[in-house]
2 protein chains.
Amino acid sequence: MAYRPTDQIIHKAAWLYYTHGLRQDEVAQRLNISRASVALYLRKAREAGIVNISTSTHLFRDDRLARRVEDAFGLDTVWLTGEEGLAATPAAEIPTLAANVFVEMVENGGRVCVAWGRTVYAIADAMNYADREGVTVVEMCGNLGSPYSYRPDQCTMEIARRLNARGLNFYAPLVLSTEKLARELREEPVIREQLDGIGDCDLALFTVGALDTDSHVIKCGALSLDELAKLKALGAAGVIAGQMIGADGKLLDCDYNRRMISADFDAIRAIPRRLMVVQEDEKLEPLLAAIAGRFFTHLVTTSSMAERLVEHHAKPVPA
Amino acid sequence: MAYRPTDQIIHKAAWLYYTHGLRQDEVAQRLNISRASVALYLRKAREAGIVNISTSTHLFRDDRLARRVEDAFGLDTVWLTGEEGLAATPAAEIPTLAANVFVEMVENGGRVCVAWGRTVYAIADAMNYADREGVTVVEMCGNLGSPYSYRPDQCTMEIARRLNARGLNFYAPLVLSTEKLARELREEPVIREQLDGIGDCDLALFTVGALDTDSHVIKCGALSLDELAKLKALGAAGVIAGQMIGADGKLLDCDYNRRMISADFDAIRAIPRRLMVVQEDEKLEPLLAAIAGRFFTHLVTTSSMAERLVEHHAKPVPA
DNA sequence: CATGTCGATTGACAAAAGTCAATTCGAGCT
DNA sequence: AGCTCGAATTGACTTTTGTCAATCGACATG
């Protein structure tokens, strides 16, 4: 963070107000400025992450159901949002919780890796500005130039901005038209380096995609409806960082995957803490596939999804 | 933290207010309680560390002088409080800054070790309630039952309370009347274990004591004026965790030190991050001794002390 | 069963914080 | 020097928050 000279006074105001507990008029008096300026500076301080206000996410862990999911699938931690409509708007609950959980997990000097999608973008949006130091945010997969407002590079950069971190973008498309081109591109040093760097991360944030006709891969134009149907016939059950996986969680052996520039699954699994966020109730099948592939260690989802997960676990072979 | 049933609603109120940014009356409406209750719950949430408000301490690092001290003495980080009277009361500035720096340094699951003294107690007092998990706070040296209000065990316990941590006290006096008894006591399993545990910490908080007639060791009755004079004649330059050190930073070879139950110096130096806090301007000589002994890696002190340190470094052999 | 006690809760008022249009300041240009 | 434009700052007003005495209600006790 480059320190502009005016930052100094913002810092001082924040220190006096939040740390020493002075009132705004007292701060104003001491710094010889108007109280209105103090109020302005304090807002800036909050936005810049000079002041950090965070709420414990314990509430969402302190739940029998969450523990049952942890035990059933061997996950490190599960956070659930209840039915009770604790959010301002119901749709905001999962991203807000995920953002808080994620920020708590990011450590100074850490290297985090983020995927993209509607959910990840919403998380970025709900994320507080935090005053981390030396954090690097890297993209997990190639980009898609698209009419979509939540492009992958925007996700990365927005998250980096909130964490006061350095953002590293992937300078490649997500999916290419031929397998040959994808292979060649993957061997380009710039790309190679980025791909190799994913395994060095200590934290990952991602979601699993569904394969409905209105799902993300379709909407952003990575895949046609025709191709989708074929992939489903081949056994595709979900999407991880753009790549198709089967119900067993393994990379699907298909042309589409071979045309992809994205994180190697072993590299993803080499990351010690991997936070999966699932918002939509329709994503049970993809989520189970992601569990089978051991893609994540931490999970944020809804109570209703958790119930279905536990239920499924009780009788893994449906009648 | 044991969750009382009423904590649930405090959590919810805090989440809605701080994370979702609702107003108090909106929170009240949603939770079906009066707004006054919401205000009350929010205060409790802040006090319990459910909500964490922390201010960046960058301001105090962003200082040429701090860098010069870091370079001159090979320290990791130095924070300085300026002359400008940024504090509510000047005397509160150092403890408040130190408390904030310290809390930032404490990591979940960590093991921290604290010494005691007027300054450490003031730091404990200025410390925010933080929502850490799995932290252990251990005492660095034996206790002194005394008329003093800042007894070592109080320091430990207060800091533990603020960090939502487990506090481990030393069940031994700081100084005994004979060397033999001290030696025997050190070999008691309970004590041995505590002493050995100090080297396993990843963070330490302590100060260096002076040897004036009104200094801490005298006031709390650990030492008589007579003894003090003798120790000074022997070359005592400062006090670290109760023990006398010479100007070279080495443990002074004296009867007093041998009667002491306190952390082994090698154990202290085995702790990777050690935060030294020096408030009083008279402590230049003790601080230089502590530097010579490589007792600390991080330092919080005043600008004026920093100036004298740098000055001293420029001409280490005074005319 | 009335009564006392204590903590939780509330209504009403006072204090503090947020907001915004108007004004001042200051860098860059003529 | 005088002028222009945009950003920083402020005073005045509105909204939100903090506080505290009064009240409620659960539970224990004579």
Side-chain angles (χ1 to χ4, degrees), chain A residues 1-56 59 62 84 86-89 92 96 126 128-129 131 161, chain B residues 1-56 58-59 62 84 86-89 92 96 126 128-129 161:
Chain A
M1 190 193 302
Y3 273 71
R4 298 190 311 280
T6 151
D7 282 358
Q8 192 83 351
I9 200 151
I10 296 182
H11 250 116
K12 285 183 186 176
W15 184 256
L16 288 171
Y17 186 77
Y18 285 106
T19 306
H20 283 291
L22 300 196
R23 290 194 317 270
Q24 291 189 359
D25 53 356
E26 295 178 298
V27 176
Q29 202 178 344
R30 193 175 298 239
L31 300 178
N32 271 313
I33 52 179
S34 73
R35 200 189 55 73
S37 294
V38 174
L40 176 69
Y41 293 162
L42 292 179
R43 189 170 68 234
K44 284 190 179 175
R46 285 187 301 262
E47 280 169 4
I50 290 169
V51 173
N52 250 337
I53 303 184
S54 64
T55 316
S56 163
L59 175 60
D62 193 50
E84 333 144 19
L86 203 53
T89 54
T96 309
N128 280 331
Y129 290 84
D131 175 47
R161 204 166 69 86
Chain B
M1 192 194 297
Y3 272 71
R4 297 191 311 280
T6 151
D7 282 358
Q8 193 82 350
I9 199 150
I10 295 183
H11 251 116
K12 287 184 184 176
W15 184 254
L16 289 170
Y17 185 78
Y18 285 105
T19 306
H20 283 291
L22 300 195
R23 290 194 314 271
Q24 291 188 0
D25 52 356
E26 295 177 297
V27 176
Q29 202 179 342
R30 192 175 297 242
L31 300 178
N32 273 313
I33 52 179
S34 72
R35 201 191 53 71
S37 295
V38 174
L40 176 69
Y41 293 163
L42 292 179
R43 191 172 65 235
K44 283 190 180 175
R46 285 188 299 265
E47 280 168 4
I50 291 169
V51 173
N52 249 336
I53 303 183
S54 63
T55 316
S56 163
H58 280 240
L59 175 60
D62 193 51
E84 334 146 17
L86 204 52
T89 54
T96 309
N128 281 330
Y129 290 84
R161 205 166 70 86

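Looking at every heavy atom in both residues, A/Ser56 comes nearest to B/His11 through OG-NE2, 3.6 Å.
Atom CG in A/Leu22 sits about 18 Å away from atom P in C/dA15, given to the nearest Å. Note: CD (B/Glu26) to P (D/dT17) measures 9 Å, nearest angstrom. Distance, B/Arg23 CZ to D/dT17 P: 7 Å, rounded to whole Å. In this structure, CG of A/Leu40 is placed 9 Å from P of D/dA8, rounded to the nearest angstrom. Between the CD1 atom of A/Ile53 and the P atom of C/dA17 there is a distance of 13 Å, rounded to whole Å. Atom-to-atom, CD of A/Gln29 to P of D/dT9 comes out at 18 Å; the value is rounded to the nearest Å. As a whole-Å value, the separation of A/Gln24 CD from D/dT10 C1' is 14 Å. Protein atom CG of B/Leu42 is 16 Å distant from nucleotide atom P of C/dA8, rounded to whole Å.
Close to C/dA17, at under 4.0 Å from its OP1 or OP2, lies a side-chain N or O of A/Tyr17. In terms of phosphate contacts, B/Tyr41 brings no side-chain nitrogen or oxygen within less than 4.0 Å of OP1 or OP2 of C/dA8.
Using a 4.0 Å heavy-atom distance criterion, A/Arg43 is classed as a sugar-phosphate-only contact.
With D/dT10, D/dG18, D/dA12 as the choices, the nucleotide that has an atom nearest any side-chain atom of A/Ser37 turns out to be D/dT10. Taking the side chain of B/Ala36 as heavy atoms from C-beta on, and the options D/dT19, C/dT19, D/dT17, the nearest nucleotide is D/dT19. Side-chain proximity of A/Arg35 to D/dT19, C/dT9, C/dT19: nearest is C/dT19. Of the candidate nucleotides C/dT10, D/dT19, D/dT10, C/dT10 has the atom nearest to the side chain of B/Ile33.
The backbone N or O of B/Asn52 sits nowhere less than 3.5 Å from a side-chain atom of B/Asn128 that would complete a donor-acceptor pair.
For the pair B/Tyr41/B/Leu31, no side-chain contact is recorded, criterion being any heavy-atom separation below 4.5 Å from C-beta on. Taking the side chain as every heavy atom from C-beta outward, A/Arg46 and A/Leu42 approach each other to under 4.5 Å.
Exactly one residue among A/Val51, A/Asp131, A/Leu16 makes a side chain to side chain contact (heavy atoms under 4.5 Å, CB included) with B/Thr55. That residue is A/Val51.
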